[in-house]
Amino acid sequence: MINGKKIIVVMPAYNAAETLEKTYREIPFDIVDEVILTDDCSRDETVRKAKELGIKEIQVHSRNCGYGGNQKSCYNRALELGADIVVMLHPDYQYTPKLIHSMCYVIANGLYPVVLGSRILGKGALKGGMPMIKYIANRGLTFMQNILMNQKLSEYHTGFRAFSAEVLRTVDYNSNSDDFVFDNQMLAQIFWAGYEIGEITCPTKYFEEASSINLHRSTIYAFGVIRTSFEYRLCKWNLCKSKIFKND
């Protein structure tokens with residue numbers, strides 16, 4: 001805990017058996033109270049490895065629910081367990097758990113209700129091996145989103161995020177896509193609800209075992225991002241209605 005706030009790390013897992021232990025061993029259990037792993041029908045030994053590591057909260061989907069669907073299960077369970085701060089950490093060791101301290105202290109001390117680990121602040125992305133085409137796409141999509149949503153994030157596409165429970169209870173993330181665009185929709189919902197988002201510099205690692213989506217899925221994701229941003233702007237102008245952007 002920090003300042004009496006219960007911290008839960010959630011790990012949406014899919015075929016993470018080879019990297020799970022490395023990731024888990026770096027989690028700072030001096031402040032983290034619980035870990036939840038949700039397995040989305042992995043075809044490897046992810047669940048067995050999680051049990052060997054002593055992870056007590058393991059959810060196993062009976063069918064593949066997608067990256068977004070996996071996160072929904074994670075956040076729903078974390079809230080059920082009384083989390084005050086929820087950290088979403090990929091178990092593929094692409095992001096270092098050593099930043100959990102910094103991210104959680106920002107939230108626990110009331111500075112920001114949401115904190116992202118940004119690969120773009122500094123030179124972490126390219127230094128860590130991010131392919132140039134992905135870097136360019138990241139920068140282009142982020143530039144477009146900042147204009148349409150009137151924000152100044154360094155990137156919208158990081159998978160390392162920490163949330164206050166208040167934010168998770170406020171935004172209707174369960175109405176979002178079950179696919180990869182879930183991440184982007186959720187950030188747009190957070191801005192829609194009037195919350196601010198903080199960022200810290202995050203080194204990253206690209207290697208064979210780290211999860212990554214192929215070109216086809218990346219293209220689908222990019223169009224989903226563009227659609228989300230335009231939908232946000234049109235809803236702000238009261239020119240359309242959306243199931244993910246709702247007015248009280």
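All values derive from a computational prediction rather than experimental measurement. FYI, side chains are in, hydrogens and waters are out, and symmetry mates aren't considered; it's all heavy atoms of this structure.
- At a threshold of 4.5 Å between non-hydrogen side-chain atoms, the residues Y173 and Q71 do not count as touching.
- A salt bridge is defined here as a Lys NZ or Arg NE, NH1 or NH2 lying under 4.0 Å from an Asp or Glu carboxylate O, and R217 with D179 meets this definition.
- In this structure, the side chain of D92 engages the main chain of Q94 through a donor-acceptor pair within 3.5 Å.
- The shortest non-hydrogen separation linking S42 to A13 is OG-O, 4.1 Å.
- For S154 against T142, the heavy-atom pair with the smallest separation is O-CG2, 3.5 Å.
- Although no hydrogens or angles enter the test, the distance criterion places a donor-acceptor pair under 3.5 Å between the side chain of Q185 and the main chain of S177.
- With Y156 as reference, N146 is the one residue of N184, N146, T228 to meet the side chain to side chain donor-acceptor pair (under 3.5 Å) rule.
- A chain of hydrophobic side-chain contacts below 4.5 Å, direct or via other Ile, Leu, Val, Met, Phe, Trp or Tyr residues, connects I100 to L111.
- When atom types are taken as modelled, the side chain of S164 and the backbone of I85 share no donor-acceptor pair closer than 3.5 angstrom.
- Interatomic distance, H157 NE2 to N138 CG, rounded to the nearest 0.5 Å: 4.5 Å.
- Looking at R25, its side chain never comes within 3.5 Å of a backbone N or O of L20 through a donor-acceptor pair.
- Put simply, the side chain of L81 does not reach to within 4.5 Å of the side chain of D33, judged on heavy atoms.
- Listed here is the closest heavy atom pair of D183 and Y67: OD2-OH, 2.8 Å.
- Pairs of residues two or more places apart, or lying in two chains, that qualify as side chain to side chain donor-acceptor pair (under 3.5 Å) and include a residue from residues 50-60 are T38-Q59, R48-E52, E57-R77.
- Looking only at distances, no side-chain donor or acceptor of T204 sits under 3.5 Å from a matching main-chain atom of Y95.
- Under the 6.0 Å cut-off for aromatic ring centres, H61 and Y14 do not qualify, their centroids lying 6.0 Å or more apart.
- Judged by distance alone, the side chains of E26 and T96 do bring a donor and an acceptor atom under 3.5 Å apart.
- Under the 4.5 Å side-chain contact rule for hydrophobic residues, I136 and F143 do not share a cluster.
- H101 has its side chain out of reach of I2: every pair of non-hydrogen atoms, C-beta onward, lies at least 4.5 Å apart.
- Put simply, the side chain of F180 does not reach to within 4.5 Å of the side chain of I220, judged on heavy atoms.
- The shortest side-chain heavy-atom distance between L53 and E21 falls under the 4.5 Å cut-off.
- A cation-pi arrangement, defined by a distance under 6.0 Å to the six-membered ring centre and an angle within 45 degrees of its axis, is present between K236 and W192.
- The backbone N or O of V60 sits nowhere less than 3.5 Å from a side-chain atom of D39 that would complete a donor-acceptor pair.
- The minimum heavy-atom distance between S229 and Q145, with the atom names listed, is OG-CG, 3.0 Å.
- Side-chain N or O atoms of Q189 include one that pairs as donor or acceptor with a backbone N or O of D172 at under 3.5 Å.
- A 4.5 Å side-chain heavy-atom check between M186 and F182 finds at least one atom pair inside the cut-off.
- Residues F191 and Y232 place their aromatic rings such that the two centres sit no closer than 6.0 Å.
- Residues Y75 and I36 form no side-chain contact, since every pair of their non-hydrogen atoms from C-beta on lies 4.5 Å or further apart.
- For V86 against A78, the heavy-atom pair with the smallest separation is CG2-CB, 3.8 Å.
- Looking at heavy atoms from C-beta onward, I244 lies in side-chain contact with S175 at the 4.5 angstrom threshold.
- Within 6.0 Å of OH in Y112 there are 12 or fewer heavy atoms belonging to other residues, nucleotides or ligands.
- In this structure, CZ in R139 is found 8.0 Å from CD in E155, a value given to the nearest 0.5 Å.
- In this structure, F29 has its ring center closer than 6.0 angstrom to the ring center of Y24.
- Under the 4.5 Å side-chain heavy-atom criterion for ILVMFWY residues, a single connected hydrophobic cluster contains both F245 and F230.
- Rounding to the nearest 0.5 angstrom, the gap separating the CD atom in E80 from the CD1 atom in I8 is 10.0 Å.
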Verify side-chain contact (heavy atoms from CB on, under 4.5 Å) between R161 and L187, making sure each step is shown before the conclusion. CA-CA 10 Å; R161 304 161 176 229; L187 292 185; 3.3 Å; yes

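- Atom CD of E199 sits about 4.5 Å away from atom CG of L153, to the nearest 0.5 Å.
- Of the possible polar contacts, none joining the N15 side chain to the T46 backbone as a donor-acceptor pair under 3.5 Å is found.
- Of all heavy-atom pairs between D40 and G66, the closest is OD2-N, 2.9 Å.
- Expressed to the nearest 0.5 Å, how far CD1 of I58 lies from CE of M11 amounts to 11.0 Å.
- No continuous path of ILVMFWY side-chain contacts below 4.5 Å connects I147 to I226, so the two sit in separate hydrophobic clusters.
- Ion pairing between K72 and D178 holds under the 4.0 Å rule for side-chain N and carboxylate O.
- Linking ILVMFWY residues whenever their side-chain heavy atoms come closer than 4.5 Å, directly or via other members, places L148 and V181 in the same cluster.
- In this structure, CD on E18 lies 11.0 Å from CD on E45, to the nearest 0.5 angstrom.
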Going through the distances and angles, do I107 and F163 end up as a side-chain contact (heavy atoms from CB on, under 4.5 Å)? CA-CA 8 Å; I107 296 174; F163 308 92; 5.6 Å; no

